[in-house]
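First the structure, then my questions, so here it is.
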Amino acid sequence: MFSLFQTVLLLLHLLPSLTQASPHHFAPKPAYFLLAGDSTTATQSVGGGGWGDGFLNYTLKSGSSGHNYGHNGATTKSFREGGDWARVISDAKAKVGDYAVYVTIQFGHNDQKNTSGVSLEEYSGNLEAFAKEVKEVGAVPIFVTSLTRRKYNTATPPKIKQDLEVQRNLTLAAAQATRSRQIDLNIASTNYCNAIGTEAAWGYNLHPTDYTHLNVHGSVVFGRMVSELMAKRYADIGAVTERNLTLSREIWDGVAA
Ligand SMILES: *[C@@H]1O[C@H](CO)[C@@H](O)[C@H](O)[C@H]1NC(C)=O
Ligand SMILES: *[C@@H]1O[C@H](CO)[C@@H](O)[C@H](O)[C@H]1NC(C)=O
Ligand SMILES: *[C@@H]1O[C@H](CO)[C@@H](O)[C@H](O)[C@H]1NC(C)=O
Ligand SMILES: *[C@@H]1O[C@H](CO)[C@@H](O)[C@H](O)[C@H]1NC(C)=O
């Protein structure tokens, strides 16, 4: 006969297989990524362009896909007031039956401006509300700290001016407060731009003097960085994304791509 202790051990052992499908018997659902954010996430256009399209176009396995909801000029406030957030949530709701749905949340570049009408307290509260609403529809929120601006100080060699650190920290705090996922794109992109130096980093500029937005090549590079930051931390995302060892090595070795 089993002792009570052995029975408890056995139940603990069986519990995971009773509550979740075994990967050996059921193929995982494909993923659908909804990207909420400002112009540093958005599709390349005259006034903006971020990592979102590079991520969606080149890093997902066949069957998985998504939609870039990045909006040029958006703050956490305008994104909701202008209707973008409602579109994200209604799309997420529509996809949860057939896909594992993820919503990336990256704001800060515009909230930061003293003309934004968003205080730091409101910024934090808005971020936390986004995460809660994503969970309510059965999707997974992933906070992404802001892509660095490629503006350098006058040190030798020049170093990135970390002008988004307050927003970075508050985004990580919002993730913690809501027990949500997060990746630190701000630090990863800062470290990379410090490693490759000004000339290479400015090769990703949308226009020669636009140090904030990315051209198509920049979107491919930083889209890959986002994909790998997520895949490294979260195995379920690792399972729906595809590696590119060449580009990956360049990124993590600090070599210009
Ligand atoms: C992504 O794909 C779209 C549609 O084919 C294309 O217009 C866009 O330039 C691509 N962007 C990147 C960054 O690859
Ligand atoms: C707002 O920011 C601008 C540009 O950074 C600065 O010149 C201005 O002094 C700031 N205004 C206030 C009220 O802080
Ligand atoms: C942000 O957080 C880091 C610790 O992760 C801390 O060292 C830094 O001082 C914080 N910066 C600001 C501006 O709050
Ligand atoms: C991987 O990245 C390299 C370097 O950016 C690129 O030339 C190549 O086309 C990529 N391969 C795939 C399969 O996307």
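Sequential numbering from 1 along the given sequence is applied to the chain's residues. Start at 1 and go down the list; that is how both ligands and their atoms are numbered. Small disclaimer: the values here were computed from a predicted structure and weren't measured.
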Note: ligand 1 atoms sitting under 4.0 Å from heavy atoms of S219 are 13 (C)
Worksheet item: Are side-chain N/O atoms of N110 and S116 paired as donor and acceptor at under 3.5 Å?
Response: no
For ligand 4, protein residues within the heavy-atom limit of under 4.0 Å are N244, L247
Decide whether D84 and H71 meet the rule of one side-chain donor and one side-chain acceptor closer than 3.5 Å. yes
### Task
Please indicate whether K93 has more than 12 foreign heavy atoms, meaning atoms of other residues, nucleotides or ligands, lying under 6.0 Å from its NZ.
no
Note: ligand 3 atoms sitting under 4.0 Å from heavy atoms of E165 are 1 (C), 8 (C), 9 (O), 10 (C), 11 (N), 12 (C), 13 (C)
The atoms of ligand 3 lying under 4.0 Å from a heavy atom of R168, numbered in the order shown, are 2 (O), 5 (O)
For V88 and L34, the nearest pair of non-hydrogen atoms, with its separation, is O-CD2, 3.4 Å
- [ ] List the steps, then state whether side-chain contact (heavy atoms from CB on, under 4.5 Å) holds for M225 with L185.
- [x] CA-CA 8 Å; M225 182 181 281; L185 176 63; 3.7 Å; yes
Query raised in the report: Side chains of D111 and T76: donor-acceptor distance under 3.5 Å anywhere?
Result: yes
Around atom NZ of K135, are there more than 12 heavy atoms of other residues, nucleotides or ligands at under 6.0 Å?
yes
